[in-house]
Chemist: 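Just passing along the structure, written as structure tokens.
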Number of protein chains: 2
Amino acid sequence: MPTPPEPASRRDRPAKPALSRQAILDATLALVRERGVEQVSLRDVARAVETGPASLYAYFDSRDTLLEHVLDHVYGTVDLVDAAPHGWRAALAATVVSTIAALEDHPGLATVALGSIPTLPGALRLAEHELDLMERGGIPAGRAALAVDLIAQFAAATAVERRARVAPGRRGEDPGRARAAYADTDPDRFPRVHRLAAALTDPDERARRDFAIDVILGGLERATTA
Amino acid sequence: MPTPPEPASRRDRPAKPALSRQAILDATLALVRERGVEQVSLRDVARAVETGPASLYAYFDSRDTLLEHVLDHVYGTVDLVDAAPHGWRAALAATVVSTIAALEDHPGLATVALGSIPTLPGALRLAEHELDLMERGGIPAGRAALAVDLIAQFAAATAVERRARVAPGRRGEDPGRARAAYADTDPDRFPRVHRLAAALTDPDERARRDFAIDVILGGLERATTA
DNA sequence: CGGCGTTCGCGAACAGTGTTCGTCGCGAAC
DNA sequence: GTTCGCGACGAACACTGTTCGCGAACGCCG
């Protein structure tokens, strides 16, 4: 507002990175990391790269497309744990944990992961590594291909749920309330739920996660059921 | 606009159901079923019960709360398959399939399921049934409690992903494009992904789902890994 | 070297959202 | 018959993702 239209703005400021896909991606990634996907609007991104919202559409078709690229960048940072030290199964488990952690570091991104079919390089790199590990484990290729999908779905879903549970700014969705709701269950209608209230609402997220990974990898190793 | 304020509107139309939680829920459920969650605004719901959007807040704290109740109603319609004919494992598998189907009948609701902790009666009923089946199967109570969570997460995630894949009005996210992307992968960087392109993009959703259920239930049956 | 044709960045506007506030009119109570 | 309380709701708010079209800067052509 102080300076009027600021003439020849582009030429006067050669320091400005000139607006590129990469600059937009980097800015979005930083914003997502610190605020979460749903608190990042296109106006915020535009402001971060010193432009208006309309300009972003020259580089990305839509907000969703932009977020898919951000997601793939995050996939690219996942630690691909090697089979060498503790065997393929432990390595695969560790890779899944790393995937979940990467998604949780960028709140809301997991929702994007569940809603899109992965085709970008970061996701392919992750799939390749998982296939490698399962090959070493002697999992038949057909099963392994299906498992890649199941694992990705599980990792994303876990990250989404976690976000809902920790519930930073959300309304009263705190775990304590859920715990109370289960304990207050009518013992006649829902005897098992009532009896297992504590176990069903156990807040130890790590234990839940490790249990799930163990179930999935264990089931994968078994021969197909007759 | 033709009739000015229409005086004494309430008294003139005693047929109107007077606006209740149930009426709002029913209207929302119908709209969700035919259009999907994200295409149902509070204004749409209000219009369906012949009122304004503000009135809904007398019955539900927020849109999210309303949707959670809709979700629970849907949970309440899930077919609880009995253990009698084919054993507990097949019954549990069928119940999971039924859960996924119910969620898919209400597009977008699965997202709500992933983002909230279930405390309402429909979800409890489902959990009770699953615990019953696992008890019959000899699954230790602690494992069963954790499994309830895993199963619910899996069902919701599957329904969410399915919605993304069938992609009714969404931009070019058709499965064909994904298939091509995998086939075009660089065979040097991603040899396994390239080789398994067909299997990784197999559009047979039912096979993927049954594989996943088999893996999870199989892993559940195994003793905990040493 | 000057003028013009073209491209494209982006300011402004659009249609829509969930939510809140304050008024107003009905129904019950005295 | 009059008054009062309370709940319904119209209107407004702040914000979203996205599109349109003006205008200014660029580079080719004479």
Side-chain angles (χ1 to χ4, degrees), chain A residues 1 3-14 16-21 23-24 27-28 31-32 35-70 108 111-112 115-116 169-172, chain B residues 1 3-14 16-21 23-24 27-28 31-32 35-70 108 111-112 115-116 169-172:
Chain A
M1 293 79 166
T3 61
E6 186 181 3
S9 63
R10 197 76 47 82
R11 295 281 287 276
D12 285 359
R13 291 196 272 130
K16 184 172 167 182
L19 195 55
S20 66
R21 271 178 89 92
I24 295 172
T28 309
L31 286 171
V32 166
R35 294 200 229 159
V37 164
E38 53 259 38
Q39 295 301 327
V40 175
S41 73
L42 291 187
R43 281 166 177 77
D44 294 331
V45 174
R47 210 171 298 129
V49 296
E50 297 186 79
T51 183
S55 305
L56 303 179
Y57 284 82
Y59 300 91
F60 296 95
D61 286 349
S62 67
R63 182 178 193 261
D64 285 348
T65 307
L66 170 56
L67 289 176
E68 280 171 29
H69 283 261
V70 170
T111 306
V112 177
S116 63
R170 282 177 114 73
R171 73 196 85 259
Chain B
M1 290 81 168
T3 61
E6 185 184 3
S9 65
R10 196 77 48 85
R11 294 280 286 277
D12 287 355
R13 291 193 274 134
K16 183 173 166 181
L19 195 55
S20 65
R21 270 177 89 94
I24 295 172
T28 309
L31 287 171
V32 166
R35 293 201 231 159
V37 165
E38 52 259 40
Q39 295 301 328
V40 175
S41 73
L42 292 186
R43 281 166 177 78
D44 294 331
V45 174
R47 210 170 298 130
V49 295
E50 298 187 77
T51 183
S55 306
L56 303 178
Y57 284 83
Y59 299 90
F60 296 95
D61 286 348
S62 67
R63 181 178 193 262
D64 285 348
T65 308
L66 170 55
L67 289 176
E68 280 172 28
H69 283 261
V70 170
T111 306
V112 178
S116 61
R170 282 178 114 72
R171 72 196 87 261

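Order of the sequence lines sets the chain letters (A, B, ...), proteins ahead of strands, with each chain counted from 1.
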Chemist: Search all heavy atoms of B:Glu38 against all heavy atoms of B:Gly108 and return the closest pair with its distance.
Modeler: OE1-CA, 3.9 Å

Chemist: Could you check how far CD of A:Glu50 sits from P of C:dG11, rounded to whole Å?
Modeler: 12 Å

Chemist: Considering non-hydrogen atoms only, spot the tightest contact between B:Leu56 and B:Leu42 and give its length.
Modeler: CD1-O, 3.5 Å

Chemist: Rounded to the Å, how far apart are A:Asp61 CG and D:dT18 C1'?
Modeler: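 A:Asp61 atom CG is separated from D:dT18 atom C1' by 12 Å.
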
Chemist: What is the distance, rounded to the nearest whole Å, between atom CG of A:Leu56 and atom P of D:dT18?
Modeler: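 Distance check: A:Leu56 CG to D:dT18 P gives 10 Å.
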
Chemist: Across the strands shown, which category fits A:Ala58 at heavy-atom distances under 4.0 angstrom: base, sugar-phosphate, nothing?
Modeler: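 Touches sugar-phosphate only.
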
Chemist: So what's C:dA13 paired with, Watson-Crick or G-U wobble, going by both distances under 3.5 Å?
Modeler: D:dT18

Chemist: Let me confirm one number: the OH-OG1 distance from B:Tyr57 to B:Thr65, rounded to the nearest 0.5 Å.
Modeler: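 It comes to 9.0 Å.
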
Chemist: Dump every N/O contact between nucleotides 14-17 of chain D and the protein below 3.5 Å, one line per pair.
Modeler:
unit_1, atom_1, unit_2, atom_2, d
D:dT16, OP1, A:Ser41, OG, 3.3
D:dG17, OP1, A:Arg63, NE, 2.7
D:dG17, OP2, A:Leu42, N, 3.0
D:dG17, N7, A:Arg43, NH1, 2.7
D:dG17, O6, A:Arg43, NH2, 2.9

Chemist: Could you tell me the separation between the OH atom of B:Tyr59 and the C1' atom of C:dT19, rounded to a whole number of Å?
Modeler: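 Interatomic distance, OH of B:Tyr59 to C1' of C:dT19: 18 Å.
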
Chemist: It should be established whether B:Ser55 places a side-chain nitrogen or oxygen under 4.0 Å from OP1 or OP2 of nucleotide D:dA8.
Modeler: no

Chemist: Rounded to whole angstroms, how far apart are CZ on B:Phe60 and P on D:dA8?
Modeler: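 Rounded to whole Å, this separation is 13 Å.
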
Chemist: Atom CG in B:Asp44, atom CZ in B:Arg35: separation rounded to 0.5 Å?
Modeler: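 If I round to the nearest 0.5 Å, the distance is 4.0 Å.
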
Chemist: Does C:dG18 have a Watson-Crick or wobble mate here (both distances under 3.5 Å), and if so which one?
Modeler: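 C:dG18 is paired, partner D:dC13.
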
Chemist: Looking only at heavy atoms, which two atoms of B:Val40 and B:Gly36 are closest? And how far apart?
Modeler: CG2-O, 3.3 Å

